[in-house]
Asks: 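A single structure is presented below for examination.
Side chains are part of it too, since the values below use all heavy atoms of this structure and drop only hydrogens, waters and symmetry mates. Proteins come first, then strands; the chains are lettered A, B, ... in the order of their sequence lines, and each starts at number 1.
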Number of protein chains: 2
Amino acid sequence: MSSLRELAQMLGLSITTVSRALDGYGDVAVATRERVLAAAETTGYRPNSAARRLRRGLTEIVTMVLPAEPGHFNEPLYIELLRSTGERLAQQGYDLTLIAALPGPDELKTYRRLIEGRRTDAIIVVRTRREDARLRYLTDIGFPFVAMGRSDFAEPYAYVDGDGEAAFHDAALRLTGLGHRRIGHLAAPSAFTFAHLRRSGFARAMRDTGLPGEIIEDSATEAGGYRAAGVMLAQAQPPSALLCATDSMALGAMRAVRERGLVAGRDIAIIGHDNIPAAAFSDPALATMELPIAATGRRLAEMALARIGGADPRDMTEINPVEFIPRASLGEARG
Amino acid sequence: MSSLRELAQMLGLSITTVSRALDGYGDVAVATRERVLAAAETTGYRPNSAARRLRRGLTEIVTMVLPAEPGHFNEPLYIELLRSTGERLAQQGYDLTLIAALPGPDELKTYRRLIEGRRTDAIIVVRTRREDARLRYLTDIGFPFVAMGRSDFAEPYAYVDGDGEAAFHDAALRLTGLGHRRIGHLAAPSAFTFAHLRRSGFARAMRDTGLPGEIIEDSATEAGGYRAAGVMLAQAQPPSALLCATDSMALGAMRAVRERGLVAGRDIAIIGHDNIPAAAFSDPALATMELPIAATGRRLAEMALARIGGADPRDMTEINPVEFIPRASLGEARG
DNA sequence: AGCCTCTTCCAAAACGTTTCGGATGACATT
DNA sequence: AATGTCATCCGAAACGTTTTGGAAGAGGCT
């Protein structure tokens, strides 16, 4: 049964009545509604989504735009995020589509094509940057969007984020509590807000404690962590603890540590962030931090739907606590 | 400029002519076509996709259904696959949507909802199983689909896959060539075709060489590899080499090896498969195998489009070679 | 009886595109 | 001058839904 017309014909009703019965209007007699629902059930009627979309002016699609650096798209985070967001949207009859857009001059073109072609009702922006032209553009044209992560953008916008600032502040204090006096931070590129916040939390802890606290920035990959740790350990007085912006960087740092004959968890403490699966199986197991990624995905979906419904983004800002996960790389308290 | 009607009015032409000019039909004067194209360009006209979809009966959407085990969805593979597939589809004006479906009794419901609601023109099935009800269902109803990975399914279907059988056969011979005489295979659940093929390749190499070759199966995760390796190493005569179905399993196995005071790459050789980023930074660096995932994604997209166009799946089967990546965990030749 | 209110139903329009089946002239051919 | 052939163009239908603005009838009230 592929159309409302056939269904109506079969039941001896008008298209209008069948449509309204299925949508649950109060407008149709209870007996009739039940007859319609039963018939729709047995014939397996499914409304044609293109027709519904055309008529209602909605696509019933939410789009997530993924940063598409060809080499390192593989943050394990994102796939779990996609799953949870997609599942929540599906509950509401929405589909999740995915496009890749490289940061750069052509980035906004992708957004424009998406919006002007009316291919989506809302956009989920991930990997936000401190200065983010995407938020500016979407806000200016009044298109519904939700961000995963924050930005320096001044106008109100909906977002979900982990409290990386507090998490790195606490982690740094945890290290000083263990007796560390020279702590290094391997930072991710500070153009990204998440990297900036984690660095700020670390810096605040250093100010609180009056310790020096050194920072080296590199890309948020194993290779980046390896390079940054290499530089840091080559100093005359290398740090006794490395607080890394991501687990990937921390795994890279571990290799640099090993190559210098040091033992992580004994000679030097290492902490990461993300709790990727490999982190629990590194040598030694990597102490890390985790934010509730599935819940984040669900909230992003719910916010996107609310924005489509016209809700005010002012009320949609959410900063979630990050859980610390101690493991062997944290080491023991030092003399 | 949001509709063909407005554009036509502005140009003093009929909707028909404008539409045909934009679609490049031969039955419109060159001068007219150029006038139309110029106007469309300056006004930024974009056809309404819902209307076009309704009229043409196509959604211009391809859907990838991801296996949604909540815990371990995070194969780094998939995100790169999504990126490359999505990019290729976008070149053709197609969108890639994503849904998650758990294997199990309700799995086919997700497919049915998708197809009967006409929400997609083709489906990409990933993580194929030897007995895969999805291929049966899609073939029976004649819906266009493409599989990443093979299945025991008898009827012709389009797929792209890596040659895991040959890769594991070669890897096993490589180990015997290094002098190993007791080789263990940590297999992934053999219901999955990829796991079955890798196991078969290993088994064939053992037959070829007349060596015993032991196999233990567990889940394709770090934890699974850890467990399986633990069992294998607890034997009276443990193997001197472990060939693991995936890098995740290999990283888990490395931990089991360490806990027994053995050193991977010296006391025992370890090989994985996938070349995940963490593999290059484990201790020791993990020897592994890699298949061209971006190319695979592109081919999946192209095949999906061809199937939508009505092409015969018989001509669309592709098995790509897997590249071996030697690293320290492979060890030296033994006495 | 006349008037109102309620319940239940429906015809028709609209969303914006593609496409079928001509219509209109211009020009060449007989 | 009549006919045929092209090159251009267009009107109208169709895709399947949602929604507006009633219509028809039943029953209650004065």
Asks: Side-chain N or O of A:Tyr25 less than 4.0 angstrom from OP1 or OP2 on C:dT7?
Replies: no

Asks: Among B:Thr317, B:Asp161, B:Thr193, exactly one meets side-chain hydrogen bond (donor to acceptor under 3.5 Å, both in side chains) together with B:Arg150. Which residue is that?
Replies: B:Asp161

Asks: Roughly, in whole Å, what's the span from CG in B:Leu54 to P in D:dA13?
Replies: 17 Å

Asks: The side chain of A:Ser3 is closest to which nucleotide in this list: D:dG16, D:dT20, C:dT8?
Replies: D:dG16

Asks: Of all the choices, D:dC9, D:dT17, C:dT18, which nucleotide is nearest to the side chain of A:Arg52 once you look at every atom?
Replies: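 Closest nucleotide among those given: D:dT17.
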
Asks: Nearest to the side chain of B:Arg20, heavy atoms from C-beta on, is which of C:dC9, D:dT17, D:dC10?
Replies: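 Nucleotide nearest to B:Arg20's side chain: D:dC10.
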
Asks: Tell me whether the NZ or CZ atom of A:Arg112 lies within the 45° cone about the ring axis of A:Tyr137 and under 6.0 Å from its centre.
Replies: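 Ring-cation test returns yes.
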
Asks: Tell me the closest heavy-atom pair linking A:Gly297 and A:Ser84, and the distance in Å.
Replies: CA-OG, 3.4 Å

Asks: Please give, in whole Å, the distance from D:dC15 P to A:Arg5 CZ?
Replies: 6 Å

Asks: Do the two ring centres, one from A:Phe143 and one from A:Phe145, sit under 6.0 Å apart?
Replies: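 Ring centres of A:Phe145 and A:Phe143 not closer than 6.0 Å.
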
Asks: With sugar-phosphate meaning primed atoms plus P, OP1 and OP2, does B:Arg53 contact a base, only sugar-phosphate, or nothing at under 4.0 Å between heavy atoms?
Replies: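 Touches nothing.
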
Asks: Which whole-number value in Å describes the distance from B:Leu22 CG to C:dG16 P?
Replies: 16 Å

Asks: Tell me which nucleotide among D:dT18, D:dG16, C:dA11 gets nearest to the side chain of A:Ser14.
Replies: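 Nearest to the side-chain atoms of A:Ser14, counting from C-beta on, is C:dA11.
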
Asks: Would you say the base of D:dT8 and the side-chain of B:Thr32 have a donor-acceptor pair closer than 3.5 Å?
Replies: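 It does not, because no donor-acceptor pair links the side chain of B:Thr32 to the base of D:dT8 below 3.5 Å.
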
Asks: A:Arg119 CZ to C:dG16 P: how many Å, rounded?
Replies: 17 Å

Asks: Nearest of C:dT18, C:dG16, C:dC20 to any side-chain atom of B:Thr16?
Replies: C:dC20

Asks: Give B:Ile15 one of three labels, base, sugar-phosphate or nothing, depending on what nucleic acid heavy atoms sit under 4.0 Å from its own.
Replies: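 It contacts base atoms.
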
Asks: Return yes if some donor-acceptor pair links the side-chain N/O of B:Thr59 with the main-chain N/O of B:Asp121 below 3.5 Å, else return no.
Replies: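 At least one qualifying donor-acceptor pair exists.
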
Asks: Any N or O donor-acceptor pair linking the side chain of B:Asn48 to the base of C:dC15 at under 3.5 Å?
Replies: no

Asks: Side chain of B:Arg55: nearest nucleotide among C:dT19, D:dT20, D:dG16?
Replies: C:dT19

Asks: Closest to the A:Asp27 side chain: C:dT8, C:dT19, D:dT8?
Replies: C:dT8

Asks: What is the distance, to the nearest angstrom, from the CG atom on A:Leu4 to the C1' atom on D:dG16?
Replies: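 The answer, rounded to whole Å, is 8 Å.
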
Asks: Without swapping roles, check the side chain of A:Thr42 against the backbone of A:Ala39 for a donor-acceptor pair under 3.5 Å.
Replies: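 A pair under 3.5 Å: yes.
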
Asks: Measure from CD on A:Gln9 to P on C:dC10 and round the result to the nearest Å.
Replies: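 My rounded result for the distance is 13 Å.
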
Asks: Find the distance B:Arg46:CZ to C:dT17:C1' and express it as a whole number of Å.
Replies: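 Nearest whole value for this atom pair: 17 Å.
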
Asks: Side-chain N or O of A:Thr17 versus OP1/OP2 of C:dC10: is the shortest distance under 4.0 Å?
Replies: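 Affirmative; the distance criterion is met.
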
Asks: So which one's nearest nucleotide on DNA chain D is more toward 5', B:Arg33 or B:Arg56?
Replies: B:Arg33

Asks: Calculate the interatomic distance between B:Asp23 atom CG and C:dT19 atom P; express it in whole Å.
Replies: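 Computing the B:Asp23:CG to C:dT19:P distance gives 7 Å.
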
